[in-house]
Each structure stands twice: as structure tokens, then as C-alpha cells.
Amino acid sequence: MSGNADIYHEMIVEYSRHPSNYGKIENPDISYHDSNPLCGDSIDIFMKVQDNKVTDIKFQGRGCAICMSCTSVLTELVKGKAIDDVKKIQKDEILGELGLQNLQAVRIKCALLSLKVLKYGLYTYLAGKLKDANADALKAEASALY
Amino acid sequence: MSGNADIYHEMIVEYSRHPSNYGKIENPDISYHDSNPLCGDSIDIFMKVQDNKVTDIKFQGRGCAICMSCTSVLTELVKGKAIDDVKKIQKDEILGELGLQNLQAVRIKCALLSLKVLKYGLYTYLAGKLKDANADALKAEASALY
Amino acid sequence: MQTTFSVEHIRKDFPILQRRVRNDRPLVYLDNAATTQKPVQVINAISDFYTNHNSNIHRAVYALAEEATEAFEEVRDKVARFIGIKDRQEIVFVRGTTEAINLVAYAWGRQNIASGDIIMTTEYEHHSNIVPWQLLAKERGARLEYIGMDDQGTLILDHLDRYLQTGRVKLVTVSHMSNVLGTITDVDTIIKKCKNAGVRVLIDGAQSVPHMKVNVQELGCDFFAFSAHKMLGPTGVGVLWAKKELLEAMAPFHGGGDMIREVHKYETTWNDLPYKFEAGTPNIADVIGFSAAIDYLEKIGMDFVRKHEIELTKYALEKLSSIKGLKIYGTPDLSRRGGVISFNFADIHPHDLATIIDEDGVAIRSGHHCAQVLMERLDVAATSRASFYIYNTKDEIDVLVSSLNRAARVFKL
Amino acid sequence: MQTTFSVEHIRKDFPILQRRVRNDRPLVYLDNAATTQKPVQVINAISDFYTNHNSNIHRAVYALAEEATEAFEEVRDKVARFIGIKDRQEIVFVRGTTEAINLVAYAWGRQNIASGDIIMTTEYEHHSNIVPWQLLAKERGARLEYIGMDDQGTLILDHLDRYLQTGRVKLVTVSHMSNVLGTITDVDTIIKKCKNAGVRVLIDGAQSVPHMKVNVQELGCDFFAFSAHKMLGPTGVGVLWAKKELLEAMAPFHGGGDMIREVHKYETTWNDLPYKFEAGTPNIADVIGFSAAIDYLEKIGMDFVRKHEIELTKYALEKLSSIKGLKIYGTPDLSRRGGVISFNFADIHPHDLATIIDEDGVAIRSGHHCAQVLMERLDVAATSRASFYIYNTKDEIDVLVSSLNRAARVFKL
Ligand SMILES: Cc1ncc(COP(=O)(O)O)c(C=O)c1O
Ligand SMILES: Cc1ncc(COP(=O)(O)O)c(C=O)c1O
């Protein structure tokens with residue numbers, strides 16, 4: 001039960017007004033949607049994949065500043081990365097980038113919704129299109145996020 | 001919340017072992033069954049009616065000493081009476097006869113089950129066979145007993 | 001009788017209002033539409049039951065069971081009186097409004113809703129009064145339709161008229177007061193229209209019974225539901241009222257102990273009302289705690305409750321309207337709204353707003369308030385909501401306002 | 001760890017045990033199978049919640065809501081641990097055993113039981129584990145059949161075998177311990193037989209979890225249900241456990257708040273487990289009170305509980321057997337019975353017996369104990385039942401015995 005006084009620093013406020021990679025990709029290779037049943041935040045992520053690399057990523061949705069900034073940071077991290085590296089992205093990278101390590105429990109879901117959507121999206125792609133037997137680990141990871 | 005110390009006097013114990021008018025009547029003019037959902041006590045009352053008089057009454061069933069003695073007293077009261085008089089029998093007559101005026105709330109149902117069965121039985125007979133428009137009062141009385 | 005109670009006095013009965021939260025700030029609790037705080041009288045009633053009288057009820061003859069049964073059944077009488085109902089057998093204890101509505105959907109709905117029938121609700125309902133009917137409509141091949149609302153949050157009853165004319169509407173189910181907009185529904189008119197059309201009406205009173213005098217008998221609806229925890233009572237208790245003839249004709253809902261008359265291997269008969277709908281050990285202690293909550297409300301009087309809330313709401317609407325960029329939903333007509341104010345503040349997401357003002361000890365709700373259909377209608381993802389009760393003060397509204405001003409600075413508005 | 005607790009010490013935690021009843025007699029509470037008394041730790045946990053942390057849960061971000069949500073969800077972990085379950089998402093909070101079983105009957109049963117199917121239960125079930133299946137069987141055109149028992153109250157598993165051979169059995173639902181006879185059901189064998197036959201098993205643990213160590217994961221059943229109020233916890237809380245794959249495949253039961261993911265006018269998606277089955281405001285305070293009950297039982301240890309009850313039961317069986325005309329039901333094998341003794345005393349009706357010994361402060365249950373099918377099997381209208389828990393003593397059994405002797409004099413036996 002830590003305080004939240006320092007959460008809303010400049011960067012977060014900025015991202016909430018001007019999120020990175022906001023928008024839609026036509027004919028994406030991967031697209032996934034999820035929402036947070038508790039607050040109604042909802043995120044769609046779209047990705048283009050070429051040569052096992054995420055060549056483009058965009059997102060759409062409605063969410064709070066925490067959700068928007070974390071999604072922005074996530075998409076920045078993902079863009080241009082090899083899928084194998086994208087698979088490895090952990091929540092601490094995103095939270096750390098934004099100084100949100102001590103976020104209170106009830107807001108952590110806002111922060112991690114997009115990571116969850118990303119991991120489920122990747123899982124669907126790998127398990128479905130590529131019949132990758134190891135994809136299940138991603139699904140488990142995604143569902144364990146919160 | 002009165003005590004019950006004096007309930008189980010000789011008369012009640014005696015009735016519980018040797019109830020009055022116990023048994024069945026073949027081809028009764030009135031017969032009715034009910035049970036107490038809380039304790040499982042169950043009573044069937046049978047009556048023969050002639051010239052608007054209850055010429056015979058018998059009962060069968062399982063119940064506690066309170067139930068058995070009250071039913072015994074009730075059948076004794078009813079036997080030979082004109083239906084109009086039977087309709088008027090009130091709970092206090094029965095309870096008074098057995099010294100049960102201060103019976104605790106949860107046991108009152110044991111005491112009054114047979115009166116309830118009697119009144120419903122009469123109601124069914126009067127409303128059904130005789131199309132007696134005033135029978136509804138009996139039904140209301142029966143359902144108000146407890 | 002002297003009917004002016006001082007809020008100062010009332011506050012003393014609520015120990016939690018002494019709490020300090022976060023950075024040692026005094027708690028300013030403004031989420032009363034979600035659940036209210038409990039006076040010491042209610043807390044003590046529960047403790048006293050467990051300390052002195054605890055027993056299962058209805059079936060045993062020993063002293064404790066007699067005391068517990070008597071205390072429990074007296075609450076049924078009290079509830080009936082409180083909402084103006086004459087027949088105690090029509091009062092069914094459930095967990096809350098949600099269970100009450102589901103009970104009706106299962107036990108009445110599955111018998112009475114057929115393929116092609118229409119169930120009507122409104123755009124500002126709580127999910128509890130939408131989802132059970134979606135489930136029922138799907139099972140029975142029926143349709144769930146909506147009475148729309150205007151931009152001030154008032155229902156457009158023409159929609160109802162139009163659907164009633166189809167002759168296919170079997171049930172109209174509406175909340176007495178919106179938990180988001182505070183709109184007090186014109187249930188009199190709705191019930192009159194439905195009665196004329198021979199259509200059953202369920203009123204979700206979760207937000208009305210706690211905040212104003214309600215006489216259910218006079219309303220003339222068929223079903224009525226509300227929750228104890230929104231009116232000073234414990235969690236885990238709610239009430240379904242329904243007309244006796246309906247309850248009698250309805251199939252049972254849950255099967256189990258207490259709701260039966262005779263159980264045999266292959267056939268079973270049902271207990272009298274209301275027990276037919278109260279299977280299993282009920283939430284005995286909390287029903288008894290609820291009794292103390294009703295006593296408390298009766299002591300201060302529902303007229304005082306309503307008057308106090310109107311005063312607070314008037315004050316809050318004035319103060320909030322003066323904040324630049326703050327948009328308030330619902331009608332400004334105080335005679336037609338309860339003590340609930342939903343708003344959005346510029347482009348600050350309600351979650352962020354709630355988190356920021358929580359730092360100042362202010363507890364408001366943010367999100368969809370279990371009313372996503374309404375959010376879609378308002379075309380917002382979420383709103384912030386402040387909701388008042390008997391212990392709230394104008395000072396607390398001032399704290400809210402200054403905290404909102406701080407949020408504006410954080411978000412550089 | 002020192003595992004011997006003194007009952008003297010335990011009794012001090014239960015304020016109600018100081019009560020005097022009727023003619024100023026000390027309370028001798030022997031109706032623990034109906035509901036148990038509550039230690040001060042549980043009473044205080046509930047008071048503390050309302051005094052310091054009360055808030056609705058899950059959806060708000062302010063301090064109180066965070067505290068309440070955390071406290072509530074921790075209980076889920078604790079319950080899972082207590083019954084040996086690994087996945088907290090499989091723990092669904094309900095009102096009690098009755099609601100848990102009805103939930104399965106509605107949400108699983110209506111999807112999985114078809115015309116001609118057979119559901120099997122036993123002759124010694126509580127009505128809660130009979131009536132929901134009668135209702136379901138009637139709705140689906142299925143049959144409810146019974147595993148019989150021998151005169152000592154042990155199930156005749158041949159009956160199960162015979163029905164399993166038909167290939168039509170879809171569910172076997174049995175109580176882990178009979179609330180009348182105390183019989184501990186051989187659930188291991190039943191579950192093994194059912195697993196081999198591909199048949200689902202529900203265990204009614206209302207009488208087992210409070211009185212012995214139960215590891216549900218090891219049992220290998222599909223559904224498991226129990227009530228908090230029978231294990232030192234508050235009324236209004238129970239637990240349904242089910243295998244995740246089953247819960248996931250099941251339709252929701254109640255519709256409403258908290259159980260949804262997204263609600264739209266004409267379509268809705270469901271929340272994750274376990275919330276999909278927890279519609280509406282749950283009984284928050286009492287779930288948190290239940291936590292203190294589990295702590296209490298863990299502190300004294302379930303082995304101590306079982307050992308203490310075996311000792312009391314042994315003593316009581318000896319004493320009661322020596323009373324002329326007193327007939328005891330159930331097995332004399334202490335390893336296969338819990339601390340429940342049902343009996344009849346000559347021709348004294350159990351209600352009369354309970355009333356007479358209540359004068360001496362002794363609280364036992366009389367009646368059908370919500371087991372009328374068993375009463376028919378035993379060919380009695382009712383029985384008397386004494387049932388023990390951690391705070392009962394041999395002295396109390398002596399009071400029971402001398403009170404029974406007084407009853408014999410009253411009835412001139
Ligand atoms: C074996 C058994 N099953 C089910 C129940 C019902 O439990 P509850 O009344 O808490 O729903 C009980 C207790 O009454 C019981 O003993
Ligand atoms: C209008 C309305 N209906 C129904 C409910 C559901 O009540 P509960 O959660 O107590 O079942 C609520 C409160 O959450 C409400 O405000």
C-alpha cells in the first residue's frame with residue numbers, strides 16, 4: 001500500500017495526451033483485443049511481422065494515463081525487435097521505464113493490460129499460424145500477469 | 001420465552017401413548033393431510049358428516065407428545081358437534097385444556113398442526129362439496145394459525 | 001418529535017469516519033452508492049448476536065435457537081413495515097439486489113417468458129438489471145430492449161409506449177434511481193402504463209430505498225429488490241419483495257433445507273412463503289445486523305436523509321460547476337435526482353483522477369459503475385462519481401473541490 | 001510445535017459458552033452440526049472490518065477499497081491452501097453449501113444432464129444435495145437415483161456399481177460425512193469408480209471440512225462444497241470448488257456486476273474465474289471473518305480437532321449405550337464416524353426430548369435434520385442428535401446423560 005504521489009510525472013501526463021504508435025494497421029499479421037473488466041479500459045494491438053521481426057506495431061483503445069503510457073512504452077520497445085526478443089519482454093522493463101515499480105495493486109492492471117494483450121496476440125499467432133508448440137508458455141505468462 | 005418445565009404433565013404423557021380417536025375411517029366425507037416442514041410431524045384427519053354434524057372423527061400420523069395430545073383433545077371436542085360449532089373451535093380451547101397457554105413459539109406449531117388440518121379439511125369440504133361462499137374465512141383462519 | 005439531527009452527532013456513530021488514510025489525511029468517503037459505512041449500532045448488533053445468541057434457526061427447540069429465530073423473523077416484519085408492505089410472507093431474504101433479480105429471472109422468468117416475448121429495461125441500468133435478462137432472453141428466445149434516455153438522463157417513455165403497443169412485452173424492469181446519474185425514475189408513470197397493458201414491473205430499488213421514503217405497496221409494482229449494504233447494513237443481505245400470488249405461482253429457485261415441506265426420494269413439496277425461496281442456512285447474523293440499520297434510519301427519518309442529501313447535492317453541483325473543464329452528467333433538477341454526481345474532468349481519465357485525489361484522502365469511484373450500456377450511451381469510457389450519505393458534510397465537498405484543483409495542476413490543465 | 005491445546009483455553013475464546021439459559025443453567029451447546037459457535041477472533045475480525053476498512057471491492061482505487069480488496073482476495077488464497085487446492089481461481093465464494101450445490105445444478109447440470117441421464121446420490125444426504133437434483137432431473141427429463149445404505153449407515157457401493165454399468169450416470173453427488181449418522185463416506189472408492197467410468201463427482205463437504213483434514217486436490221473429485229458457519233466462521237459464506245476446466249466450460253449462473261468482462265446492449269462477455277460466478281456485491285465482511293476462522297482452526301490443527309472429537313464421541317457412545325431404551329444409529333467404528341450421534345429414546349418423541357433437556361441448558365437438535373429420505377430409510381419420524389466440536393467437554397456429555405435420565409422420569413420410562 002504505497003503512496004502514489006509521484007506517479008503522475010511529466011512523462012506520463014505527456015504520453016496520456018500523445019501516446020506513441022496510436023492507430024490502426026490494415027491487414028495486420030497479429031491483432032488482439034482485451035479489456036479490463038474492472039474498469040472498462042480496452043486495448044487493441046496490431047502488428048506487422050516480416051522475417052520474424054515486428055516491423056510495425058500500433059494500438060487503439062481507451063484507458064487511463066497509466067494504461068496509455070505503458071502501452072506507448074511497450075510499443076516503442078517492440079517495434080523493430082525480433083519476435084524471440086519480444087517474447088522476452090517483462091513487466092518490470094515497462095514499469096521501470098516509467099517509474100511505476102511501486103504502483104498500487106489495483107492500478108497494476110491498468111499498467112499491464114497492453115502487455116497481456118501483446119502476449120496473447122503473440123501466442124495466438126505462434127500457436128495458430130506457425131503451430132509453435134512452445135507458444136503455450138506465452139499464454140501461461142499472459143494469464144499470470146494479473 | 002417462558003420455561004417449559006410444566007408442560008410434560010401426566011395427561012400429556014398419557015395422551016402421547018394412548019391418543020384418542022386414533023385410526024382411519026374408510027370413505028370419509030372429509031379427509032385432509034398436512035405436515036410441519038420444520039419438524040416433519042404429519043397428521044391426517046378423517047371425518048364422517050351426517051345432517052351437518054360430525055358423526056365420527058379419527059386421525060393418523062406421527063408427532064410429538066404435544067401434537068398427539070392436542071390432536072386427541074381436538075378430536076374429542078369435534079366428535080358429535082354440529083359443523084357450525086366445529087368451525088368456531090379456537091386454539092385457546094385446546095391449549096387451555098392441556099395447560100399449554102404459555103408454550104414456546106417453536107412448539108406452538110406442534111400444538112396447532114391438527115387444528116390447521118381440521119380447518120383446511122372443513123374448508124375444502126364446505127367450499128368444494130357445498131359451494132359455501134363463506135368457507136374462505138376458514139381458509140384464512142387456518143393459514144393464520146402460525 | 002424533534003426531526004433535526006445534527007450531522008456532527010451522526011458522524012460520531014461511524015467509527016470509520018475517524019480513519020486517516022494515505023498521507024495521514026482524514027478520510028472523505030464519497031462512494032456511498034457503492035456501499036455505505038456502518039454505524040456502531042449495526043456493528044454491535046452483529047457482535048452481540050455471535051457473542052450471546054448464535055444458533056441456526058427455524059428447526060430447533062432449545063433456548064438459543066428460539067432467540068435467534070425470533071430475532072431473525074422480527075427483521076422480516078421490520079423490513080415489511082419499512083417499505084410499506086402488509087404481508088410479511090412476501091419478504092424474501094437474499095444476498096443482495098443482484099441475487100433478487102436473478103431469482104426473479106430464473107423462477108418467474110423461465111415460467112413466463114416465451115419465444116418472441118420482449119423484456120424491457122433502460123439505458124441507465126446497473127449490470128445486475130441487464131445481464132440476468134440477457135441470459136434469460138437467450139435461453140427463452142426472447143428479446144431484451146431498452147427505454148432510451150435524453151441527454152439529461154431522463155427516460156424517453158415514448159420508447160416504452162411503442163414497445164407496449166406490440167403486445168409482446170411481458171416485463172419492464174427499471175431502477176428506481178440510477179447509480180450513475182442519480183436520476184429518480186418516474187416509476188409511477190411506468191407502472192401505470194404497464195398495468196394498463198397487463199405487463200409486470202420489477203423495480204430495482206438498490207439506490208432508492210437507502211435514500212428516500214419508499215412505499216412499495218403504493219407503488220403497485222410486482223417485484224422490488226434492494227441491498228442492505230447500501231443502507232448502513234451489512235454485506236451479504238438483500239431483499240426481494242414480490243406479490244404473494246406471483247411468489248406462490250413461481251417454481252422454487254434453489255433447492256435445499258428450509259424450502260421444503262416433505263422430501264421423498266422421487267418427489268418433494270414446497271414450504272410456505274417466504275421459506276420456499278430461502279434454501280439453506282441464511283445469513284442469520286447479518287439479517288439481524290440489518291435490523292439495527294433500519295432502526296437507525298427510522299430514528300433519523302428518511303425525510304431527513306433525503307433533505308440532507310438534496311442540500312449536499314445542491315452545494316456540490318454549484319461548486320463543481322464552477323470548475324473549468326468539468327462536465328457534470330444528469331439533470332440539474334434536484335427534485336428528480338438523488339445524491340449522486342457523475343462527472344468528467346477535461347481529458348483526465350477518471351482512474352487517474354481518483355488516484356490523485358485519493359492522495360488527499362478523498363474516496364470517489366471511477367469507472368463504468370457497472371453501467372457499460374450507459375457509458376456507451378454517454379459515449380465515454382468511464383466517469384468519476386461522488387455519492388453522498390447522511391454523514392457527509394459541505395466541508396468534505398470543499399476538500400473534494402480543492403483536491404480536484406490539485407489534479408488540474410498535476411495534469412497541467 | 002506443541003500440538004496439545006487445552007479445551008479450557010479454547011473455551012475462553014468463545015464468549016457464548018459463558019451464557020446461562022432457561023433456568024439459569026450453563027449452556028451446553030451440542031448442535032454443532034447445524035452451526036458452530038464463533039471465537040472472539042472471528043467476531044473481532046468482522047467488527048474490525050466495518051470499523052476500519054469497510055468498502056466495496058474490486059473496482060475502486062482509493063485506500064479503503066484497496067485494503068478491503070486485498071483482505072478479501074487473501075481469503076481466497078487461504079481457503080485454497082486450507083483444502084489443498086493449488087489454483088486460487090477455482091475457489092468461488094457463495095452463501096453456503098446449499099448455494100454451491102445449486103450453482104452446479106444450474107450452471108453445469110443444465111448443460112450436461114440430458115434426457116435419460118442418471119444422477120446418483122445417497123440415502124443419507126442432506127436435502128441440499130437431493131432437492132437441487134430433483135429439480136434438475138425434472139427439468140431435463142433425467143432421473144435421480146440413490147445409493148442405499150446398510151443398517152449401520154454404511155453405503156452399499158454395489159448399488160453404485162450397478163448403476164454405473166448402465167452407462168447413463170453423469171454425476172455422483174455424495175456427502176463426505178453424514179450430518180445425521182456421522183458416517184464418513186468412503187469417497188476415495190467412490191471417486192475411483194466414477195473416474196474409471198468417466199462420471200463426474202460432487203462432494204458435499206459441509207460436515208467434513210470443519211472436522212477433519214481434507215485435501216480436495218488429492219481426493220480427485222470434480223466439485224466440492226462447504227459452509228463457513230459450520231467451522232467457526234460467519235453465516236452467509238460458503239465455498240464452491242470446481243476443476244478449472246469445468247468452471248471455464250460452464251455457463252454463468254447469476255448475471256450482474258463483477259461477473260462480466262464487457263456488457264453491451266445485446267451481448268455480453270464473461271469475466272475471468274472465479275469472478276464469472278460471483279455476481280453482485282459479495283458478503284465481503286463475512287468472507288474476511290471466515291479468514292479468522294481458518295486461522296483459528298489452523299492454529300489448533302485439524303488433527304487435534306479430529307482427535308478431540310473421536311475422544312468425545314467414544315465417551316458419549318459409551319455413556320449413551322448404557323441408558324436403557326436408548327437406540328443409537330450409525331456405525332460404532334470410530335475411525336469411520338465423526339462427532340455426530342443420532343438416537344431415539346424409547347417412545348419419547350425427539351421434540352419432546354429436546355424440549356425437556358433444554359430445561360437443563362442442553363441444546364441438541366431434534367427432527368429430520370433436513371434428511372427426510374434417511375428418516376424414511378430408518379423408518380422413524382425423527383431422531384435426536386448431539387454433535388460435538390472443539391470446545392465441548394466430557395463434563396458436558398455427563399450433563400446430557402443426566403438430563404436424559406430426567407426425561408426418562410418425566411415420561412415414566
Ligand atoms: C451434509 C450437509 N450438506 C449441506 C448442508 C447445508 O449447508 P448450508 O445450510 O450451510 O447451505 C448441511 C448443513 O445444514 C449439511 O450438514
Ligand atoms: C441500481 C443498482 N442496482 C443493483 C445493484 C447491485 O447491488 P448488489 O451488488 O448489492 O447486488 C447496485 C449496486 O451495486 C445498484 O446501484
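All values below were derived from every heavy atom in this structure, side-chain atoms included, with hydrogens, water molecules and symmetry-related copies excluded. Chain letters run A, B, ... following the sequence lines, proteins first and then strands; every chain starts at 1.
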(request) Would you kindly say whether D:Thr281 and D:Asn56 are connected by a side-chain donor-acceptor distance under 3.5 Å? (result) yes
(message) Under 4.5 Å from any heavy atom of chain C, what part of D:Tyr266 do you find: side chain, backbone, both or neither?
(response) both
(request) Examine whether an atom of D:Gln18 lies under 4.5 Å from a heavy atom of chain C, and if so say whether it belongs to the side chain, the backbone or both; otherwise answer neither. (result) neither
(message) Heavy-atom pairs under 4.5 Å with chain D: which of C:Ala251, C:Ala137, C:Ala65, C:Ser47 has the most?
(response) C:Ser47
(request) Measure D:Phe253 against the heavy atoms of chain C and call it side chain, backbone, both or neither at under 4.5 Å. (result) both
(request) Using a 4.5 Å cut-off on heavy atoms from C-beta on, say whether the side chain of D:Thr36 contacts that of D:His229. (result) no
(message) Below 4.5 Å, heavy-atom pairs only: which of C:Gly257, C:Ala371, C:Pro282, C:Gly361 has the largest tally toward chain D?
(response) C:Gly257
(request) May I ask you to say whether C:Glu139 pairs ionically with D:Arg110, meaning some side-chain N is under 4.0 Å from a carboxylate O? (result) yes
(request) May I ask you to check if D:Lys265 and C:Tyr146 form a cation-pi contact, with NZ or CZ under 6.0 angstrom from the six-membered ring centre and within 45° of the axis? (result) yes
(message) Between D:Tyr50 and C:Pro234, is there a side-chain heavy-atom distance shorter than 4.5 Å?
(response) yes
(request) Look up atom CZ in C:Phe290 and atom OG in C:Ser227, then write down how far apart they are to the nearest 0.5 Å. (result) 9.0 Å
(request) Report yes if the distance between the aromatic ring centroids of D:Tyr275 and D:His58 is under 6.0 Å, otherwise no. (result) yes
(request) Identify which one of C:Ile357, C:Val28, C:Asp360 satisfies the side chain to side chain contact (heavy atoms under 4.5 Å, CB included) criterion when paired with C:Leu400. (result) C:Ile357
(message) Tell me which of these, C:Glu376, C:Glu99, C:Glu145, C:Met375, has more heavy-atom pairs under 4.5 Å with chain D than the rest.
(response) C:Glu99
(request) Please flag which part of D:His126 lies under 4.5 Å from any non-hydrogen atom of chain C: side chain, backbone, both or neither. (result) side chain
(request) Could you look at D:Gln37 and say if it's the side chain, the backbone, both or neither that has a heavy atom under 4.5 Å from chain C? (result) both
(message) Quick check for you: among C:Leu64, C:Ile101, C:Ile46, which has the greatest number of heavy-atom pairs under 4.5 Å with chain D?
(response) C:Leu64
(message) When you compare the side chain of C:Val131 with that of D:Trp270, does any pair of heavy atoms fall below 4.5 Å?
(response) yes
(request) Determine whether C:Gln41 and C:Asp13 make a side-chain contact, defined as any pair of heavy atoms from C-beta on separated by less than 4.5 Å. (result) yes
(message) Need one label for D:Arg377: side chain, backbone, both or neither, based on atoms under 4.5 Å from any heavy atom in chain C.
(response) neither
(request) Specify which of D:Gly236, D:Gly256, D:Ala279 makes the most heavy-atom pairs with chain C at under 4.5 Å. (result) D:Gly256
(request) Tell me, for D:Ile284 versus chain C, whether the close heavy atoms (under 4.5 Å) come from the side chain, the backbone, both or neither. (result) both
(message) If you count heavy-atom pairs within less than 4.5 Å of chain D, which of C:Asp286, C:Leu144, C:Asn54, C:Leu27 leads?
(response) C:Asn54
(request) Can you tell which part of D:His53 gets under 4.5 Å to a heavy atom of chain C, answering side chain, backbone, both or neither? (result) both
(request) Let me know if D:Arg19 has heavy atoms under 4.5 Å from chain C in its side chain, its backbone, both or neither. (result) side chain
(message) For the interface with chain D, which of C:Leu136, C:Val373, C:Val263 has the highest count of heavy-atom pairs at distances below 4.5 Å?
(response) C:Val263
(message) For chain C, which candidate among D:Tyr62, D:Tyr29, D:Phe49 shows the most heavy-atom pairs at distances under 4.5 Å?
(response) D:Tyr62
(message) Can a side-chain donor-acceptor contact be found between D:Thr69 and D:Glu66 if the only test is distance below 3.5 angstrom?
(response) no
